[in-house]
A.B. asks: 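Just dropping this structure here.
These numbers come from a predicted model, not from an experiment. Letters A, B, ... are given to chains in the order of the sequence lines, protein chains preceding strands, and every chain is numbered from 1.
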Amino acid sequence: KMRRGVGAGAIAKKKLAELLPHIKTFKTHLEEFASKHKQEIRKNPQFRVQFQEMCATIGVDPLASGKGFWSEMLGVGDFYYELGVQIIEVCLALKHRNGGLITLDELHQRVLKGRGKYAQEVSQDDLVRAIKKLKVMGNGFGMIPVGGSYLVQSVPAELNMDHTVVLQLAEKKGYVTVSEIKDSLKWEKERACHVLDHLLKEGLAWLDSQAAGEAQYWLPALFSELTSRDVTPEEANQMTP
Amino acid sequence: MDRFSWSNGLLEINETLVIQQRGVRLYDGDDKAKLDLGVTLLSTHRLIWRDIKNHECCIAMPLSQIIFFEEQAAGIGKSAKIVIHLHPVPANKEPGPYQYSKYSYIKLSFKEHGQIEFYRRLTEEMTKKRWENTPVSQPIPTGTGSQAGKTRAVGIVGIERKIEEKRKETDKNISEAFEDLSKLMVKAKEMVELSRSIANKIKDKQGDITEDETIRFKAYLLSMGIANPVTRETHGSGTHYHLQLAKQLGDMLQAPLEERGGMMALTEVYCLVNRARGMELLSPEDLVNACKMFESLKLPLRLRVFDSGVMVVQLQSHSEEEMIASALDNVSEKGSLTAEEFAKLLGLSVLLSKERLLLAEKMGHLCRDDSVEGLRFYPNLF
């Protein structure tokens, strides 16, 4: 029968003392690994994926702290933390236009462009992992599955299942109409309008009431033609948000 | 097994079926794959496997993934097998049943025989390499991703061989990297298990561990990236590292905060601090943990979370009342304001101006008019 109290504490103390040489040995192994393969982490997105997945399997988060062994010796931290900065900056720069919603593809392209042609390759998996880390700082970073990829949200706009489903519907053409929502989702007109109004208010959708036939609700995040031409903040304010 | 991708099993135009064999079980290296018995099909372009019972479970791999293969004779109670050694996973591989495998080879186990013929046909296809001459309509990721470009003209055999050697060497380097990574992870796993057992013991009876030892242990957990289960702490989840960081931030953020009306979104702080550092960057968690220590360190900054979930760093000197009063003043003066207009007035970000207006509204000083034209705030005259 195990006696709790002093016994358990002494064991812990003893184990802690044993831990120290283990840490030293592990650090040596890590250093050895780093000296041989540090470049691989920086250059090879596939290797990064394997690395991350293996860490997850054993219950380790190599990105938890810049002070971590993984960060310090493999440089894996700096890679993702810097990517985080670049992601925030791109999202901030485009927020006036797309309301804080951007496709993972567009984010990827713009981050790559910002990094310049001599920078290390960055995959979409890298972006997704960096974004997951950004979530801890509040501010509504999230990812919405749409059309086989994701929309990255960078503002704390409340988007529930209804909003998400309409976004997914709009993904094919970049816009959606009330009729399309009613036909595809079998919703009442009120429900469709409620959702669209919310998207308009949050600046995620723009209304084209001049469209032939029926009013079209455009999502700048999904509408690539709009994003290729640079809209100034003044112009953005003049359009019907 | 991580070289396979999900497939509908339909052959492309220009792709021909060569042979198929029932009763095949797949192996991931030496381990049985987490799949049942199935049919293996060899085409001119791919190796395809389909579950016998569940036809929708179908996977495929381009033949270009294959480096070489060999027979493994049957034994007592063991079926004959073909062992297939593979190039590393190409970057553009479509998802499949395995995200990752520590093996660079698979095995086909022939439970209903047929391995002799299959081996013969596989040899033929790997020699002819018909997939290179008749590309299919859908792009099939190549095994190596190398853009070396293979020419089949006679007389360039020497160059081809050099390219092949270089490719094998790169593959070897990458394979070695993966192998070393696996070995490293095995050691890391031992460390994790040891720490978990210590952490649990500490949790049970913390009295017999000194404060100093606990702090060192937590620092170690931080270094390994292990989540800290020892939560009962005087300084929150922070360590000495975060303490130092908090003090640094206290110094560094004073001026930027003053310039921005006393408040900055945490993401803004993250960018500011990391851009200034250049290297040895802070993780988002480092920043949050450090900011949580402002209060206990009696620094003139606070981490604050708004209802919306927005997190900010705020100067103590900029009190709540001041912010609300200033919001009310500005709105009253202009009659009404949107978050964008307020942002322009104060030179703040739209995000933070909105938070201030919401705060003033919460306290009953402002009321809103929420329409499709935007959210506008008015003085609350009720």
Side-chain angles (χ1 to χ4, degrees), chain A residues 4-6 8-13 15-16 19 22-23 26 29-30 33 36-37 40 44-47 49-51 53-55 57-71 77-78 81-82 84-85 88-89 123 133-134 136-140 155-156 197 200-201 207 237 241, chain B residues 88-89 91 99-100 174 177-178 180-182 184-185 187-192 194-198 201-202 204-205 207-209 213 217 220 222-227 241 265-267 270-271 274-275 279-288 305 308-311 340 351 370 372-375:
Chain A
R4 298 192 135 264
V6 177
I11 292 173
K13 228 175 166 72
K15 278 207 182 276
L16 257 184
L19 191 57
H22 266 134
I23 297 175
F26 181 75
H29 287 131
L30 190 54
F33 180 84
K36 283 164 74 179
H37 304 299
E40 209 60 52
N44 189 340
Q46 193 58 32
F47 195 71
V49 171
Q50 307 292 21
F51 172 75
E53 292 188 350
M54 290 167 107
C55 285
T57 308
I58 64 173
V60 152
D61 179 3
L63 299 182
S65 172
K67 197 87 179 98
F69 291 153
W70 312 99
S71 251
D78 277 8
Y81 307 148
E82 190 189 1
V85 171
I88 292 171
E89 288 176 345
S123 68
K133 280 289 148 194
L134 293 179
V136 72
M137 294 192 291
N139 232 73
V155 290
D197 280 351
L200 284 177
K201 264 190 257 189
L207 177 61
N237 283 334
Chain B
V89 189
Q99 289 262 52
Y100 153 74
I174 295 177
F178 279 117
D180 286 349
L181 182 64
S182 301
L184 185 71
M185 285 299 166
K187 300 196 180 85
K189 188 169 178 191
E190 288 166 15
M191 303 283 283
V192 171
L194 183 57
S195 346
R196 285 227 182 99
S197 94
I198 295 177
K201 291 188 169 51
I202 292 181
D204 284 345
K205 198 66 199 172
D208 290 273
I209 308 290
E213 280 169 330
F217 180 62
Y220 153 67
L222 186 75
S223 299
M224 279 298 287
I226 299 170
Y241 170 63
L266 202 56
T267 45
Y270 176 79
C271 290
N274 275 337
R275 283 271 178 225
M279 39 185 265
E280 287 179 15
L281 305 180
L282 299 185
S283 76
E285 274 151 88
D286 287 336
L287 184 59
V288 172
V305 185
S308 61
V310 172
M311 292 170 83
E340 290 79 15
L351 186 74
D370 207 352
V372 290
E373 264 140 52
L375 178 60

A.B. asks: Is it the backbone or the side chain of A:K36 that comes under 4.5 Å from a heavy atom of chain B, or both, or neither?
C.D. replies: side chain

A.B. asks: With a 4.5 angstrom heavy-atom cut-off, could you sort out which part of B:L181 is near chain A: side chain, backbone, both or neither?
C.D. replies: both

A.B. asks: At a heavy-atom separation under 4.5 Å, does B:N274 approach chain A through its side chain, its backbone, both, or neither?
C.D. replies: side chain

A.B. asks: Is there a side-chain contact (heavy atoms from CB on, under 4.5 Å) between A:V60 and A:W70 once you walk through the steps?
C.D. replies: CA-CA 10 Å; A:V60 152; A:W70 312 99; 3.5 Å; yes

A.B. asks: Taking side chain as everything from C-beta outward and backbone as N, CA, C, O, which of these in B:L184 sits under 4.5 Å from a heavy atom of chain A? Side chain, backbone, both or neither.
C.D. replies: both

A.B. asks: Is it the backbone or the side chain of B:S197 that comes under 4.5 Å from a heavy atom of chain A, or both, or neither?
C.D. replies: side chain

A.B. asks: Highest number of heavy-atom pairs under 4.5 Å with chain A: which of B:E280, B:E285, B:M311?
C.D. replies: B:E285

A.B. asks: With a 4.5 angstrom heavy-atom cut-off, is it the side chain or the backbone of A:F69 that approaches chain B, or both, or neither?
C.D. replies: both

A.B. asks: In sequence, state the C-alpha distance, the side-chain angles, and the governing distance for B:Y220 and B:I226, and then conclude on side-chain contact (heavy atoms from CB on, under 4.5 Å).
C.D. replies: CA-CA 9 Å; B:Y220 153 67; B:I226 299 170; 4.2 Å; yes

A.B. asks: Against chain B, label A:H37 side chain, backbone, both or neither, depending on which of its atoms sit under 4.5 Å from a heavy atom there.
C.D. replies: side chain

A.B. asks: Check whether B:F178 gets within reach of chain A through its side chain, its backbone, both or neither, counting any heavy atom under 4.5 Å.
C.D. replies: both

A.B. asks: Is it the case that atom NZ in A:K133 sees more than 12 heavy atoms from other parts of the structure closer than 6.0 Å?
C.D. replies: yes

A.B. asks: Before giving the answer on salt bridge (charged side-chain N to carboxylate O under 4.0 Å, His left out), spell out for B:D370 and A:K201 the whole-Å C-alpha distance, their side-chain angles and the decisive distance to 0.1 Å.
C.D. replies: CA-CA 8 Å; B:D370 207 352; A:K201 264 190 257 189; 3.5 Å; yes

A.B. asks: Hey, which of A:A64, A:P62, A:G68 has the most heavy atom pairs under 4.5 Å with chain B?
C.D. replies: A:A64

A.B. asks: About how many Å separate SG of A:C55 and CD of A:Q50, when rounded to the nearest 0.5 Å?
C.D. replies: 11.5 Å

A.B. asks: Between chain B and each of A:D61, A:D78, A:L134, count heavy-atom pairs under 4.5 Å; write down the option with the most.
C.D. replies: A:D78

A.B. asks: So what's closer than 4.5 Å to chain B heavy atoms on A:S71: side chain, backbone, both or neither?
C.D. replies: neither

A.B. asks: Give the minimum heavy-atom separation between B:V288 and A:M137, together with the two atoms involved.
C.D. replies: CG2-CG, 4.2 Å

A.B. asks: Which atoms form the tightest heavy-atom contact between A:G84 and B:Y270, and what is the distance?
C.D. replies: C-CE2, 4.0 Å

A.B. asks: Measure the spacing between CG of B:L282 and CG of B:L287 and express it to the nearest 0.5 Å.
C.D. replies: 6.5 Å

A.B. asks: Quick check for you: to the nearest 0.5 Å, what is the distance between A:F33 atom CZ and A:F26 atom CZ?
C.D. replies: 10.0 Å

A.B. asks: Find the one option among A:N44, A:V49, A:L19, A:L30 whose heavy-atom pairs under 4.5 Å with chain B are most numerous.
C.D. replies: A:L19

A.B. asks: Who wins among B:D286, B:L194, B:V310, B:L375 for the most heavy-atom pairs under 4.5 Å with chain A?
C.D. replies: B:D286

A.B. asks: Quick one: what part of B:Y241 sits under 4.5 Å from any heavy atom of chain A, side chain, backbone, both or neither?
C.D. replies: side chain

A.B. asks: Any chance you could measure B:S283, atom OG, to A:K67, atom NZ, to the nearest 0.5 Å?
C.D. replies: 12.0 Å

A.B. asks: Checking heavy atoms, do the side chain of A:L63, its backbone, both or neither come under 4.5 Å from chain B?
C.D. replies: backbone

A.B. asks: Can you say whether B:M185 sits under 4.5 Å from chain A via the side chain, the backbone, both, or neither, judging by heavy atoms?
C.D. replies: both

A.B. asks: For A:E89 and B:R275, what are the C-alpha separation, side-chain angles and deciding distance, and is it a side-chain contact (heavy atoms from CB on, under 4.5 Å)?
C.D. replies: CA-CA 11 Å; A:E89 288 176 345; B:R275 283 271 178 225; 2.6 Å; yes

